[in-house]
Number of protein chains: 2
Amino acid sequence: MNAETTEFADALRAAGLRVTQQRMSVLSILMEAQDHPNADEVFTRAKEIDGSVSFATVYRTLAALEEAGLIRRLSFENEPARFEIMPVSEHDHMVDIDTGEVIEIDSAEINRLRQELVARLGYEIVHQHTLIRARKKPVS
Amino acid sequence: MNAETTEFADALRAAGLRVTQQRMSVLSILMEAQDHPNADEVFTRAKEIDGSVSFATVYRTLAALEEAGLIRRLSFENEPARFEIMPVSEHDHMVDIDTGEVIEIDSAEINRLRQELVARLGYEIVHQHTLIRARKKPVS
DNA sequence: TGACAGGTGAGAATGGTTCGCATTTACATG
DNA sequence: CATGTAAATGCGAACCATTCTCACCTGTCA
């Protein structure tokens, strides 16, 4: 059990959640993921290392982890939600509409502007996310 | 048949779509809407003035109108998609997490920034939308 | 270690959205 | 203005991501 594992176990406990094999499996999948897998992909990958995990538990675990603030749910149009370990720095997502590739884009400056805008309306941001659908520019 | 009606009929034709009573009904509902109704609400309202429209057609019509660029689909998490007439000026949406109210927020400046950011990555924006979930600040 | 609240697996249920197909309609053409 | 035809519609069934139910396990705390 390495440092990261302990860290996540502690985070689970801090959130009042029991530390189970399934939850650790799902977390490790997302930790190692270089992409943004959806529930089905998390399930498939988790099954390889755990075997016992069920689809229902993957969903329940993802919901619990999101609630605990350990992971983040990305909602796209017309496709199942994707998940990622809660990023240290805020970023938005750009989808290449030709390849389906999801690219993270930094947005510190934009987020600051957005926060000012919202504050002017008398609100404070609880959560924000931008989805950009874009196409690769032809090299000119 | 007033000016707006003709305008939409022309827009439908320009998009290669036939002008049907159902499509005009759905469009008129969205034109008059001060809120952002979902498919079910559009159906209910359209049924009042048309009677014959079916739920399936509402969905097909909303998809066709979106495709034609006449309306815009707003995807929120854990709730059915909402729709609005394609706005003249770009704006994003803020959801009051306590009341569920949807507030339009102007974002010209932010969109410009975002466009630069994306251009730097070699992409051009096809579509973009930001969803902010916020809570009313206590008056201090 | 024992009790038990909370977690899990399997499959059924749910709910928004889409599809299939027989029927109807818009509209180009004569 | 009548007509053929491709497109649109209504209805209900199908779809698919997600959630629920319930009987059975398992962390956790004493």
Side-chain angles (χ1 to χ4, degrees), chain A residues 1 5-6 8-27 29 36-44 46-68 70-83, chain B residues 1 5-6 8-27 29 36-44 46-68 70-83:
Chain A
M1 191 173 272
T5 307
T6 307
F8 279 116
D10 289 346
L12 282 172
R13 268 187 280 266
L17 297 170
R18 288 192 188 169
V19 180
T20 67
Q21 190 185 345
Q22 291 86 343
R23 286 174 180 170
M24 294 308 283
S25 300
V26 168
L27 262 177
I29 290 303
H36 303 82
N38 59 33
D40 193 65
E41 289 160 347
V42 171
F43 171 60
T44 302
K47 193 135 200 175
E48 283 173 19
I49 61 170
D50 194 330
S52 77
V53 282
S54 72
F55 204 55
T57 293
V58 166
Y59 268 104
R60 278 188 292 233
T61 299
L62 289 171
L65 295 179
E66 185 190 14
E67 179 74 24
L70 294 174
I71 66 172
R72 181 182 184 195
R73 174 192 303 261
L74 308 172
S75 294
F76 297 98
E77 295 187 7
N78 303 320
E79 68 171 306
R82 293 159 177 260
F83 300 85
Chain B
M1 190 172 273
T5 307
T6 307
F8 278 116
D10 288 346
L12 283 172
R13 268 187 280 265
L17 297 171
R18 290 189 184 172
V19 180
T20 67
Q21 190 185 345
Q22 290 86 344
R23 285 175 179 169
M24 294 309 282
S25 300
V26 168
L27 262 177
I29 291 303
H36 304 81
N38 60 32
D40 194 65
E41 289 160 348
V42 171
F43 171 61
T44 303
K47 193 136 200 173
E48 284 173 18
I49 60 170
D50 193 329
S52 78
V53 283
S54 74
F55 204 54
T57 293
V58 165
Y59 268 105
R60 279 188 290 232
T61 299
L62 289 170
L65 295 178
E66 185 190 13
E67 179 74 25
L70 294 174
I71 67 171
R72 183 182 183 194
R73 175 192 305 262
L74 307 171
S75 294
F76 298 97
E77 295 186 8
N78 304 319
E79 68 171 306
R82 293 159 177 262
F83 299 85

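Throughout, protein chains are lettered first and strands after them, A, B, ... in sequence-line order, and every chain is numbered starting at 1. Side-chain atoms are counted along with the backbone in the values below, which use heavy atoms only and exclude waters and symmetry mates.
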Asker: Would you say D/dT18 has OP1 or OP2 under 4.0 Å from some side-chain N or O of A/Y59?
Answerer: yes
Asker: Report the C-alpha distance between B/V19 and B/D10 in whole Å, list the side-chain angles of each, state the deciding distance to 0.1 Å, and finish with yes or no for side-chain contact (heavy atoms from CB on, under 4.5 Å).
Answerer: CA-CA 8 Å; B/V19 180; B/D10 288 346; over 6 Å; no
Asker: I need the CZ-P distance between A/F43 and D/dT18, as an integer number of Å.
Answerer: 14 Å
Asker: Under 4.0 Å, heavy atoms only, any strand: does A/A63 hit a base, just the sugar-phosphate, or nothing?
Answerer: nothing
Asker: Between C/dG7 atom C1' and A/L65 atom CG, what is the distance in whole Å?
Answerer: 13 Å
Asker: Under a 4.5 Å cut-off applied to non-hydrogen side-chain atoms, are A/E79 and A/N38 in contact?
Answerer: no
Asker: On the nucleotide C/dT8, are OP1 or OP2 found under 4.0 Å from the side-chain N or O atoms that A/S54 carries?
Answerer: no
Asker: Please encode protein proximity along nucleotides 19-30 of chain C as a string of B, S and -, counting only heavy-atom distances under 4.0 Å.
Answerer: BB----BBS---
Asker: How do A/T57 and A/N78 order along DNA chain C: which one's closest nucleotide is nearer the 5' end?
Answerer: A/T57
Asker: Please tell me if B/Q22 has a side-chain N or O lying less than 4.0 Å from either OP1 or OP2 of D/dG10.
Answerer: yes
Asker: Sequence neighbours left out, what passes ring pair (Phe, Tyr, Trp, His ring centres under 6.0 Å) with A/F55? Give chain and number order.
Answerer: A/F43, A/Y59
Asker: Taking the nucleotide of DNA chain D with the closest heavy atom to each, which residue, B/F55 or A/D40, is nearer the 5' end?
Answerer: B/F55
Asker: To the nearest 10 degrees, what angle separates the axes at the start and end of the helix from C/dT1-D/dA30 to C/dG30-D/dC1, five pairs each?
Answerer: 40°
Asker: Quickly work out the A/D50 CG to C/dG7 C1' distance and round it to whole Å.
Answerer: 13 Å
Asker: Rounded to whole angstrom units, what separation is found between the CZ atom of B/R73 and the C1' atom of C/dG16?
Answerer: 11 Å
Asker: For a side-chain contact (heavy atoms from CB on, under 4.5 Å) check, start with the C-alpha distance between A/D40 and A/V58, then their side-chain angles and the critical distance, and finish with the verdict.
Answerer: CA-CA 8 Å; A/D40 193 65; A/V58 166; over 6 Å; no
Asker: How many whole angstroms separate atom CZ of A/F83 from atom P of D/dA17?
Answerer: 12 Å
Asker: In Å and rounded to the nearest 0.5 Å, what is the CG to CD distance from B/L74 to A/E77?
Answerer: 8.5 Å
Asker: A/L12 CG to C/dG6 P: how many Å, rounded?
Answerer: 16 Å
Asker: Nearest-Å distance, CD (B/E66) to P (C/dT17)?
Answerer: 12 Å
Asker: Could you tell me if the side chain of B/L12 sits less than 4.5 Å from the side chain of B/L70, heavy atoms only?
Answerer: yes
Asker: How many angstroms lie between atom CD1 of A/I49 and atom CD1 of A/I29, to the nearest 0.5 angstrom?
Answerer: 4.0 Å
Asker: Could you work out, with side chain to side chain donor-acceptor pair (under 3.5 Å) as the rule, every residue matching B/S54, not counting sequence neighbours?
Answerer: B/T57
Asker: Quick one: A/E77 CD to C/dG16 P, roughly how many Å, whole number?
Answerer: 17 Å
Asker: Please determine whether a side-chain nitrogen or oxygen atom of B/S52 lies at a distance below 4.0 Å from atom OP1 or OP2 of D/dG10.
Answerer: yes
Asker: How would you list, by chain and number, every residue that makes a side chain to side chain donor-acceptor pair (under 3.5 Å) with A/R73, sequence neighbours excluded?
Answerer: A/E66
Asker: B/Q21: what forms a side chain to side chain donor-acceptor pair (under 3.5 Å) with it, not counting sequence neighbours?
Answerer: B/D50
